[in-house]
Undergrad: 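Below is a structure I'd like to ask you about.
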Amino acid sequence: MKRVFNGVKSLFQSPTVDQKIEKVSNPKTESMDNSNVNSSLMDDVIDNHNKDGYVIVKDHQIEIFDPEGSGIYPTLVIPEDDRMSIMIDGERSIGKVVVYHSMKIEIIPNDSESQVEFNLISSENKLSLEAQVNVTPGIKNILKDIPKSRNAVLEIESIVESPKQTIQIQMDEKLEKGNYDGELDHQAIEDIIHAESNLTRIILRGKEPKHEINAYYQLFDLPKTLHPLLGKMQIDTVLMGTPVAFRLKGTSGIPGKDIWGKEIPFTILDHIQKLGEGVVEINEKIIARINGRLVFKKYLIDIKPELEVKEEVNSKTGNIEFEGDIVLHSNVLDGCNIKAHGKISVYGNVYSSTLIAEDEIHISGHIIGSTILAGQTNLLYSKIKSLFQQCQSELDKFIHEYDRVVKRATLTRGNEQKIPMIASLLMDQRHPELMKILQEIYSISMDNSINNTKLTELTHLINTKWLGIYRTNILKVDINNLRQSIVSSMEQTEIELSKITSDIRFHSATSSEFRASGNIISDGTGVINSTLDAGKTIVVRGLLRGGFAIAKQAVFVKELGALIGVETSVKVHNSEGKIKIGKRHINTLLDVNGVRNKSNIIENNVIYKER
Amino acid sequence: MTIKTLLIDDSEETLIVLAIQYSAFQEVEVVGQVTSTAEALKILENEPIDMISIDLLIGNESGTDLAKKVISTYPDVFVVICSMEDNDLEKIKSKPIGIEFFLTKPTSHEDIQRLLEQYHEVKKDTQHSISYSNSDSIDNWMKQVLKDI
């Protein structure tokens with residue numbers, strides 16, 4: 001056998017050779033690195049008449065044909081690839097090797113079998129059963145076919161194989177063992193059985209209970225006029241005997257069934273508001289029992305009496321405390337204390353006075369040197385909530401030590417009588433902080449006569465069991481009762497906190513303190529050297545200069561600070577909250593959830609967020 | 001008995017607001033609001049002071065230096081550092097020079113409430129019990145108490 005050419009030039013110059021190239025060149029080798037292309041082309045040319053050796057790869061098998069006479073032996077280019085090892089005479093070979101027929105060539109593919117995992121998961125509410133199939137497909141690695149070639153470059157092809165095993169038997173077994181009783185979703189089951197990739201389907205469902213909805217009240221269309229301070233329509237003063245709302249029927253409940261066939265009782269959704277003392281229900285209508293202002297909230301319908309004062313009030317006219325709303329048609333002068341269980345509206349200015357309302361406070365004028373608190377109970381609830389959290393933590397530490405001491409005491413005969421005294425001693429000597437918190441909860445509850453049943457129960461429990469002489473007779477059951485009562489009170493406190501928020505709205509203020517469980521809004525020229533603390537949002541439509549503004553959710557200010565650099569700080573607690581400033585002066589500080597920024601330049605249209 | 005309180009801050013506006021916040025607590029009497037170290041020291045010489053709130057930067061003067069001076073000269077005075085600069089406050093917190101409480105502006109009603117709780121905690125008589133101490137291990141305590149009951 002003899003080589004037909006010696007170089008690239010001769011290859012492309014000779015038409016005879018060109019024809020041969022077309023006939024025998026290996027398309028795979030044409031994709032090789034450019035530097036090798038020409039030599040490969042030459043290497044691959046087989047002169048059938050000269051009987052060079054060659055290789056054929058077909059059906060994942062390598063066949064080698066030796067040359068005849070002086071023909072050239074074929075070569076194999078074996079890639080370095082984790083997917084497959086080529087063993088030649090027992091040793092792994094990589095790279096270009098000369099091969100001959102008597103060599104023992106072994107192909108060892110690194111294949112992986114497909115795997116299927118199957119699980120049934122019941123939902124937390126026991127109303128659905130989810131089938132989860134996790135499929136890991138198999139991989140089969142094979143050699144690509146190569147036609148007759150003197151220099152064969154092996155290529156590996158990976159074929160993804162679908163799972164062969166079926167999960168139908170597994171599913172049937174698990175469903176039977178689980179004693180399920182519900183409505184099967186046959187389509188979902190089919191989908192799971194034939195899943196070729198990961199799949200989750202609900203295959204069985206229970207029946208959801210239909211909750212009973214209590215009756216609810218709807219307002220009659222009552223006459224309204226524009227509120228001069230709020231700028232919105234407000235229901236007029238209601239006269240005694242006026243029907244204000246009517247009852248609408250709810251829907252009855254139907255029990256459900258869980259996925260094991262067990263009945264799930266329905267709950268009664270209490271949409272109906274509580275009726276206050278100012279109203280009465282007659283023939284499914286809510287009637288005003290007194291003249292006053294209608295309160296129609298999601299938790300209460302009531303008529304609050306209204307106290308109207310036409311003249312200026314001052315320290316000589318005396319302090320005012322009223323069960324309902326207070327409307328003051330003139331100024332509030334130095335030294336007044338005004339407290340309302342409802343709203344306070346002032347059509348004038350407030351000077352060096354204190355205004356406290358359970359509900360909203362609206363002041364049309366300027367406020368100087370005063371304290372304005374709205375949502376007093378809510379502010380107290382915030383304090384109580386914090387005490388409950390501390391109390392739970394301290395009580396856990398107490399219980400941990402109590403259990404250890406009691407366990408130790410019970411090991412010795414005769415200690416039984418000592419056990420009721422352990423809690424008292426432990427609290428006095430090792431947990432005075434817990435004692436202090438319990439005393440504080442009791443004091444706040446007693447001093448402020450908060451209308452909260454769970455808190456009242458807790459206060460009674462603290463007083464009778466934990467502060468008095470009975471403290472020397474405390475058992476584990478009493479400790480558990482205390483803990484349970486704290487948890488219940490905490491839950492009710494959170495509900496109360498979420499439903500009562502009261503706003504303060506005023507024109508402008510100087511050197512004053514504002515605290516509201518809801519929003520604080522200044523509509524006028526601005527707020528100077530004051531402190532604002534809002535449970536929701538602060539809005540200052542004018543200037544906020546000097547002092548502090550702290551809100552849970554957001555603060556919006558038209559102009560913050562002053563040209564001369566008056567120190568002014570704004571803070572938002574909520575990480576999702578924001579501060580928006582129209583014009584921001586130097587020496588002003590913005591803080592959102594502890595991420596702070598102090599300004600040394602004047603900035604416009606600032607929006608400050610944590611992220 | 002009221003807590004006689006002296007406020008030092010180089011911002012007159014902040015002094016007004018701090019005075020409002022402290023005065024919201026009946027037990028606090030703000031006896032002075034000054035804008036310089038010299039004025040503060042003068043009041044301290046002439047008035048009995050229970051608590052002092054010092055701005056970290058009083059103009060060009062250091063609030064920390066004043067705090068150190070107060071702690072060494074008037075050890076019974078409860079010293080509070082109040083600052084707009086959170087980072088600087090963190091650095092000072094790491095140095096144990098006897099400052100009792102740190103407030104970051106803007107301060108809230110609750111912040112002052114916590115400060116007063118701390119004040120009472122520090123001032124209260126810590127002699128709870130002669131026989132047993134809170135720092136004793138529970139094992140020692142229970143041995144003793146079960147013997148004594």
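We name chains A, B, ... by the order of the sequence lines, and we start the count at 1 in each one.
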Undergrad: Quick one: pull up CE in B:Met84 and OG1 in A:Thr568 and give me the separation to the nearest 0.5 Å.
TA: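 One gets 7.0 Å once the value is rounded to the nearest 0.5 Å.
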
Undergrad: Report the distance from atom CG of A:Asn529 to atom CG of B:Leu18, rounding to the nearest 0.5 Å.
TA: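 Here the interatomic distance stands at 11.0 Å.
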
Undergrad: Given side chains that start at C-beta, do those of A:Ser512 and B:Ile20 come closer than 4.5 Å, heavy atoms only?
TA: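 Side chain of A:Ser512 against side chain of B:Ile20, heavy atoms only: no contact under 4.5 Å found.
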
Undergrad: Side chains of A:Lys571 and B:Thr104, heavy atoms from C-beta outward: is any pair under 4.5 Å?
TA: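 A:Lys571 does not reach B:Thr104 side chain to side chain.
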
Undergrad: Output the distance between atom CD (B:Glu121) and atom NZ (A:Lys436), rounded to the nearest 0.5 Å.
TA: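 Reported value, rounded in 0.5 Å steps: 4.5 Å.
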
Undergrad: Mark yes when over 12 heavy atoms from residues, nucleotides or ligands other than A:Asn600 sit less than 6.0 Å from its CG; otherwise mark no.
TA: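 No - once you tally the heavy atoms of other residues, nucleotides and ligands closer than 6.0 Å, there are 12 at most.
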
Undergrad: Heavy-atom pairs under 4.5 Å with chain A - which of B:Leu15, B:Asp10, B:Ile16 has more of them than the others?
TA: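 That would be B:Ile16.
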
Undergrad: Does B:Glu12, at its CD atom, have more than 12 non-hydrogen atoms belonging to other residues, nucleotides or ligands within less than 6.0 Å?
TA: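 Result for CD/B:Glu12: open.
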
Undergrad: So do the side chains of B:His109 and A:Ile550 get within less than 4.5 Å of each other, counting heavy atoms only?
TA: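 Not touching, per the 4.5 Å side-chain cut-off.
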
Undergrad: Taking NZ in A:Lys598 as the centre, count heavy atoms belonging to other residues, nucleotides or ligands within less than 6.0 Å. Is the count above 12?
TA: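 Yes - once you tally the heavy atoms of other residues, nucleotides and ligands closer than 6.0 Å, there are more than 12.
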
Undergrad: How long is the span from the OG atom in A:Ser386 to the CD atom in B:Gln113, to the nearest 0.5 Å?
TA: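 A:Ser386 atom OG to B:Gln113 atom CD measures 8.0 Å (nearest 0.5 Å).
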
Undergrad: Considering only heavy atoms, which portion of A:Leu426 lies under 4.5 Å from any heavy atom of chain B: side chain, backbone, both, or neither?
TA: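 Both backbone and side chain.
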
Undergrad: Examine distances only and state if a side-chain atom of A:Arg545 and a backbone atom of B:Glu13 form a donor-acceptor pair shorter than 3.5 Å.
TA: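 No, the answer is negative, given that no donor and acceptor are paired below the 3.5 Å cut-off.
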
Undergrad: By a 4.5 Å heavy-atom criterion (distance strictly below it), what part of B:Glu110 contacts chain A: side chain, backbone, both, or neither?
TA: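 B:Glu110 touches chain A through side-chain heavy atoms alone.
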
Undergrad: Given that the side chain runs from C-beta out, which part of B:Ser108 has a heavy atom under 4.5 Å from chain A: side chain, backbone, both or neither?
TA: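 Contact with chain A is through both the backbone and side chain of B:Ser108.
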
Undergrad: Of the backbone (N, CA, C, O) and the side chain (C-beta and beyond), which part of A:Ser530 lies under 4.5 Å from a heavy atom of chain B, both, or neither?
TA: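 For A:Ser530, the backbone is the part near chain B, not the side chain.
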
Undergrad: Tell me, side chain or backbone of A:Ser370 under 4.5 Å from chain B's heavy atoms, or both, or neither?
TA: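 Neither part, no heavy atoms under 4.5 Å.
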
Undergrad: Compare every heavy atom of A:Arg596 with every heavy atom of B:Ser83, then report the nearest pair and how far apart it is.
TA: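 Taking every non-hydrogen atom into account, O-NH2, 4.3 Å.
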
